[in-house]
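Numbers here simply count residues along the sequence, with the first being 1. Just so it is clear, the structure is predicted and the values come from calculations on it, not from any experiment.
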Amino acid sequence: MSLGPIMLDVAGFVLTDEERQRLQHPSVGAVILFSRNYESPRQLMALIQDIHAQRTPRLLVAVDHEGGRVQRFREGFSALPAARIFGDIYDEHPRRGRDLAEAAGWLMAVELLSVGVDFSFAPVLDLDRGVSSVIGDRAFHSNPEIVAELAHSYMVGMHNAGMAATGKHFPGHGAVKEDSHHDLPVDDREYQDIAMEDIVPFERMVHYGLAAVMPAHVLYKNVDSRPAGFSRFWLQEVLRNRLQFQGVIFSDDLSMAGAHAQGTIVERADAALDAGCDMVLVCNDAEAANELVRNLEVKDNPASLMRLVRMHGRGEMTREQLLQDHHYLQTRDMIGNITR
């Protein structure tokens, strides 16, 4: 059985029988975890082992684990700094900022891989314009070239640990105030303005070998009539053709308010997949998840499958080995010192 194009969440610390049945459906390909799924490293490893046991090839397991405000697992994991801290350090000492960003990317990735998580949806490539209520210090900087430098370093750290990187939120969420979890943000800039600034980090990271991208639930009304995650212009013409991106395109959560204008959950998924997404996310809505799994007409897409398979983690250390590793202990202390 191959990996399907749907990523789902689960409710708690262990899988229910209903969730096991849902994860065995051929349209499912991945699971995203949240804070509600985490009690301890041991419990998390048992949960992920159960998820993996449901399918061959094993389902992908993902999490939002950027650091700062967005870090799903806390107790038993390193406290990771918000991305903007690396930007602040870069302003004073560029080399130190890059080195610390690389170390943090490695630390984040190696800890997650050691418990069975395949990848984190990171790094954020949005610009910190002082406008967005949801981006803010999740962005490395306001300067697109500095964002690209620091994100590249962060991705190198992730790759060295064995984890693929996902850049978000294409083509840039930093210029709108609204949070797409609750509203549909509207960006009224022209394409050239976006291309000269917000797209720059994505373009650079694609050149550096970025494995995956997540588009924004933002409507760029002077560019296209659909939000980026449902737009063939943004995903096919710009991302695939102009930027020559060959990796995975993940939708953002289709349960968010920014996606609701696209219709029912099945219509949203169809629209996102038709626009060019390889996998669609449905979170925090079990009824919608059931409806989508039952009713989505999955089309055979060998290219998407090959891209998704490459997202499996390649971690080499168990958690027990990691906790005895000298380099890990040094890196954990170094990153911990900048978060205190």
Side-chain angles (χ1 to χ4, degrees), residues 64-71 77-112 119-161 163-176 193-214 216 243 245 327-340:
D64 285 308
H65 202 81
E66 306 162 13
R69 289 177 289 140
V70 183
Q71 180 173 336
F77 282 78
S78 299
L80 300 170
R84 185 54 203 246
I85 289 178
F86 303 113
D88 292 340
I89 293 170
Y90 181 99
D91 286 339
E92 298 294 328
H93 303 284
R95 175 65 181 272
R96 183 166 182 262
R98 290 192 298 268
D99 288 347
L100 287 172
E102 181 177 336
W106 181 85
L107 180 63
M108 178 275 291
V110 78
E111 288 191 337
L112 291 177
F119 63 95
S120 170
F121 287 111
V124 169
L125 302 182
D126 302 304
L127 306 184
D128 181 11
R129 298 178 173 277
V131 174
S132 174
S133 61
V134 70
I135 301 302
D137 65 359
R138 295 170 65 193
F140 286 105
H141 208 275
S142 58
N143 183 313
E145 295 291 353
I146 296 175
V147 170
E149 275 198 63
L150 292 172
H152 182 210
S153 295
Y154 195 90
M155 181 176 75
V156 168
M158 294 175 68
H159 282 184
N160 288 342
M163 179 179 287
T166 302
K168 59 187 185 184
H169 305 82
F170 180 80
H173 201 307
V176 289
D193 296 323
I194 301 167
M196 289 175 62
E197 295 184 333
D198 299 62
I199 290 179
V200 169
F202 292 93
E203 183 177 23
R204 300 285 189 272
M205 289 289 281
V206 168
H207 176 74
Y208 296 143
L210 183 66
V213 164
M214 176 178 282
L243 302 189
F245 177 65
H327 176 59
Y328 166 72
L329 296 173
Q330 279 189 323
T331 305
R332 184 184 64 182
D333 289 345
M334 177 174 64
I335 297 300
N337 285 335
I338 66 173
T339 61
R340 296 189 182 101

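- In terms of modelled atom types and a separation under 3.5 Å, the side chain of Ser132 and the main chain of Val134 share a donor-acceptor contact.
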- Task: Determine, stepwise, if the pair Ile338 / Arg96 fulfils side chain to side chain contact (heavy atoms under 4.5 Å, CB included).
- Result: CA-CA 12 Å; Ile338 66 173; Arg96 183 166 182 262; 3.9 Å; yes

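- Residues Pro123 and Leu150 are not in side-chain contact: their nearest non-hydrogen atoms beyond the backbone lie 4.5 Å or more apart.
- Nearest heavy-atom pair across Gly167 and Leu125 is CA-CD1, 3.8 Å.
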Evaluate the criterion side chain to side chain contact (heavy atoms under 4.5 Å, CB included) for residue pair Arg129 and Asp198; output intermediate values, then yes/no. CA-CA 10 Å; Arg129 298 178 173 277; Asp198 299 62; 2.7 Å; yes

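- Atom CD1 of Ile146 sits about 12.0 Å away from atom CG of Asp128, to the nearest 0.5 Å.
- By the ring-ring contact (aromatic ring centres under 6.0 Å, His included) test, Phe121 pairs with Phe119, Phe250, sequence neighbours left out.
- Under a 3.5 Å cut-off, the side chain of Asp126 and the backbone N or O of His173 do form a donor-acceptor pair.
- The nearest pair of heavy atoms linking His159 to Ala165 is NE2-N, 4.1 Å.
- Applying the salt bridge (charged side-chain N to carboxylate O under 4.0 Å, His left out) test to Glu66 and every residue at least two apart in sequence or in another chain returns Arg138, Lys168.
- Looking only at side-chain heavy atoms (C-beta outward), Met108 and Ile335 stay at 4.5 Å or farther from each other.
- Judged by distance alone, with hydrogens and angles left aside, the side-chain atoms of Ser153 form a donor-acceptor pair with the main-chain N or O of Glu149 at under 3.5 Å.
- Residues meeting the side chain to side chain donor-acceptor pair (under 3.5 Å) test with Asp91, sequence neighbours left out: His141.
- Between Leu127 and Ala139, the closest heavy-atom pair is C-CB, 3.9 Å.
- Closest approach of Val131 and Val176 over heavy atoms only: CG1-C, 3.8 Å.
- Taking 4.5 Å as the limit, some side-chain heavy atom of Leu107 sits within range of a side-chain heavy atom of Glu111.
- The line from CD of Glu102 to CE of Met155 is 11.0 Å long, rounded to the nearest 0.5 Å.
- Two residues are said to be in side-chain contact when any heavy atoms from C-beta on lie closer than 4.5 Å; His169 and Ile135 meet this criterion.
- A search for side chain to side chain donor-acceptor pair (under 3.5 Å) contacts involving Asn143 returns nothing, not counting sequence neighbours.
- Scanning all heavy atoms of the two residues, the minimum distance from Pro81 to Phe86 falls at CG-CZ, 3.4 Å.
- Classification of the Phe77-His65 ring pair by plane angle, with boundaries at 30° and 60°, yields perpendicular.
- Other residues, nucleotides and ligands contribute over 12 non-hydrogen atoms within 6.0 Å of the CZ atom of Arg69.
- Distance CZ/Phe245 to NE2/His207: 15.0 Å, rounded to 0.5 Å.
- When all heavy atoms of Ile199 and Leu243 are compared, the closest pair comes out as CG2-CD1, 4.0 Å.
- For Arg204, the salt bridge (charged side-chain N to carboxylate O under 4.0 Å, His left out) partners at least two apart in sequence or on another chain are Glu145.
- Taking CE from Met205 and OH from Tyr154, the interatomic distance works out to 10.5 Å, rounded to the nearest 0.5 Å.
- Screening residues 87-109 for ring-ring contact (aromatic ring centres under 6.0 Å, His included) gives Trp106-His327 as the qualifying pairs, with residues at least two apart or on separate chains.
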